[in-house]
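For reference, the structure discussed in these notes is given below.
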Amino acid sequence: MLDPKTVRSDPERVAEQLQVRGFTLDVAAIEALENQRKSLQINAESLQAERNSRSKNIGKAKAAGDDIAPLLAEVEQLKSDLEAAEKSLHEVQQELEVLLSGIPNIPDAEVPPGQTEDDNVEINRWGEARRFDFPIQDHVDLGDKLGLLDFDVAAKITGSRFAVMHGQLAQLHRALIQFMLNTHTVDNGYSEVNVPFIVNSDSLYGTGQLPKFEEDLFKLRADNEFYLIPTAEVPVTNLYRNEIVDADKLPLKFVAHTPCFRSEAGSYGRDTRGMIRQHQFEKVELVQFVRPEESQEALMGLLRNAEVILEKLGLPYRTVILCGGDIGFSAARTYDIEVWLPSQDKYREISSCSNFRDFQARRMKSRWRNPKTKKPELLHTVNGSGLAVGRTLVAVMENYQREDGRIDIPEVLQPLMGGLTVIG
RNA sequence: GGUGAGGUGGCCGAGUGGCCGAAGGCGCUCCCCUGCUAAGGGAGUAUAUCUUGAUCGGUAUCGAGGGUUCGAAUCCCUCCCUCACCGCCA
């Protein structure tokens, strides 16, 4: 959520900034509602003040043993006026709330213009795409021929967009998770956290998935507002919902491995082959809570933490900054890391690292006590994948494939695979 | 799932209809005293929002949401959560 004061005081400017992401702010509607809200609030609050003082007088009169009947009569009209005033104020406030919570974050000035991912700007490239002197296979064929990756049986037990991994491939998947967690905890100073994979609607509101993007989520039952997490960002970021953090605890850096569940509504026909886009996948997520002035630096550090994983795995990648049209709802700035996939002859997203500034913190009321002002102030939140495990597995399979269809194991993973050097 | 007890400020804890945004204690901040430590004295110390140049002040918030009442932390209803015991269970 944006600062209502900012939206209120200079809606034209906010609207202009949101243009970069192709969002049209209904300035007229906001101003109209704001004006209503203001007068209704002043009216309701003065009636409340009136009621409070009169009620106090009644209390005093009663204590003094006076007759309170005339006082009660005076207050009668006030009561119904107040009820009406509170009701209309409440309605307008709700309308405003709906409108405000539907406004995306303001992109940083550095965010390039553009509508689609084609307008994203490359800022970094590492490694060289391997040249194969034999016909390459994609991960689906590789896994199938090795007998280690099975989409058909997954379709039987559940449906499309699920996968079953067997044996050494399942083990490699697990080794990747272990490798990422180890690197982030030991080398990068994150503290590991294990969180629920089911969250309530308040948490999803806090990070910005609700109310606008409910169709992307798996909802459990209608009666209890529980959802499967679409990313660890939700439970981990909400660790500090409604909290005030001591300044000396900052920055808070967490790494969590969780499954992620996405309905993938609206992605029909995209990435239908293989395990690039699944309803269920696993991810190692990095989340930081930082002082406002440090969030940009924190984002660059976090991005680097994610990139290093690919470098250690020897997987070529490039990093892009997302253009205005491609950036997510809650983010002010996002860098995507894209890994090289030989079968597709292109780079594919494997991590998304964002600075949310105070957008999520405002929704969550996540604050820190600023020693300078001694007041609670909003934190900044920064997060990113470090990395998406399923896609990393795909990248390893395809980049490390051999002519005989077997798959070499990257050196850093070998100790976690019991010394195994090749799969198959 | 059943029964019972609870959810109050950074923490502990009092408060069963008005004098309660909330006693007392702890913690923290500032000041004084004490000239090592320890102790002692005084003041301050929730959040959001509106109004204001800033104060002053208004409003809301005692798990959440409704209700009763002139007036609710306090009474009623629903829900959530915690604890204890029982049941069930990896």
Side-chain angles (χ1 to χ4, degrees), chain A residues 1-9 30-31 33-101 194-206 210-211 219-227 235 238-250 252 289 358 361-379:
Chain A
M1 183 131 92
L2 299 178
D3 186 354
K5 284 185 203 156
T6 310
V7 178
R8 190 184 305 162
S9 64
I30 287 187
E31 284 182 332
L33 276 173
E34 249 315 307
N35 288 334
Q36 279 188 62
R37 191 225 93 227
K38 199 167 183 174
S39 64
L40 287 173
Q41 184 168 345
I42 289 169
N43 180 243
E45 288 189 357
S46 68
L47 285 172
Q48 284 169 332
E50 179 77 11
R51 176 207 58 196
N52 289 346
S53 78
R54 282 179 187 264
S55 290
K56 270 192 181 157
N57 288 337
I58 291 175
K60 280 179 196 157
K62 206 174 174 185
D66 297 342
D67 179 19
I68 59 169
L71 293 172
L72 289 180
E74 275 178 37
V75 128
E76 202 171 318
Q77 179 63 35
L78 186 62
K79 198 190 175 190
S80 58
D81 288 352
L82 180 58
E83 255 169 44
E86 281 177 336
K87 185 160 176 267
S88 41
L89 173 63
H90 194 68
E91 281 167 7
V92 169
Q93 274 177 330
Q94 267 193 330
E95 274 183 68
L96 257 180
E97 172 70 26
V98 167
L99 220 155
L100 282 172
S101 66
N194 190 294
V195 292
F197 306 152
I198 296 175
V199 292
N200 58 34
S201 53
D202 286 343
S203 293
L204 287 157
Y205 177 84
L210 289 182
K219 189 171 188 175
L220 292 185
R221 287 206 318 249
D223 58 345
N224 66 9
E225 297 290 302
F226 282 174
Y227 298 81
N238 276 278
L239 286 171
Y240 288 89
R241 171 151 54 87
N242 284 323
E243 301 285 342
I244 301 173
V245 183
D246 290 338
D248 58 13
K249 298 253 171 42
L250 297 173
L252 290 160
F289 301 84
D358 61 13
R362 184 170 293 105
R363 288 174 161 236
M364 293 192 302
K365 298 184 173 63
S366 298
R367 292 160 296 173
W368 65 301
R369 201 170 286 278
N370 186 340
K372 282 183 193 151
T373 61
K374 296 191 176 176
K375 287 282 180 191
E377 295 175 13
L378 293 173
L379 285 162

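Each chain gets a letter, A, B and so on, in the order its sequence line appears, and its residues count up from 1.
Residues meeting the side-chain contact (heavy atoms from CB on, under 4.5 Å) test with A/Leu99, sequence neighbours left out: A/Ala29, A/Ile30, A/Leu33. Residues satisfying the side-chain hydrogen bond (donor to acceptor under 3.5 Å, both in side chains) test with A/Arg8, not counting sequence neighbours, are A/Glu34. The side-chain hydrogen bond (donor to acceptor under 3.5 Å, both in side chains) check on A/Asn194 picks up nothing, with sequence neighbours excluded. Residues passing the salt bridge (Lys or Arg N to Asp or Glu O under 4.0 Å) test with A/Lys87, sequence neighbours excluded: A/Glu91. Judged as a side-chain hydrogen bond (donor to acceptor under 3.5 Å, both in side chains), and not counting sequence neighbours, the contacts of A/Ser203 are A/Asn200, A/Arg241.
Of the candidate nucleotides B/rU49, B/rG18, B/rU69, B/rU69 has the atom lying nearest to any side-chain atom of A/Lys79. For A/Ser55, taking side-chain heavy atoms from C-beta onward, the closest of the listed nucleotides B/rC50, B/rU47, B/rG18 is B/rG18.
Regarding A/Arg37, its CZ atom lies at a distance of 13 Å from the C1' atom of B/rA48, rounded to whole Å. The interatomic distance linking A/Glu86 (CD) with B/rG66 (C1') rounds to 13 Å, in whole Å. One interatomic measurement links the two molecules: OH of A/Tyr205 to P of B/rA64, which rounds to 18 Å at whole-angstrom precision. In this structure, A/Lys365 atom NZ and B/rU49 atom C1' are separated by 12 Å, rounded to whole Å. For A/Arg8 and B/rA48, the CZ to C1' distance is 12 Å, given to the nearest whole Å. Protein atom CG of A/Asn242 is 11 Å distant from nucleotide atom P of B/rG10, rounded to whole Å.
With the nearest nucleotide of RNA chain B identified for both A/Phe226 and A/His90, A/His90 has the one nearer the 5' end.
Using Watson-Crick or G-U wobble geometry with both donor-acceptor distances under 3.5 Å, B/rC62 finds no partner in any strand shown.
Of the residues in residues 42-52 of chain A, A/Glu45, A/Gln48, A/Ala49, A/Arg51, A/Asn52 come within less than 4.0 Å of RNA chain B through at least one heavy atom, sorted by number.
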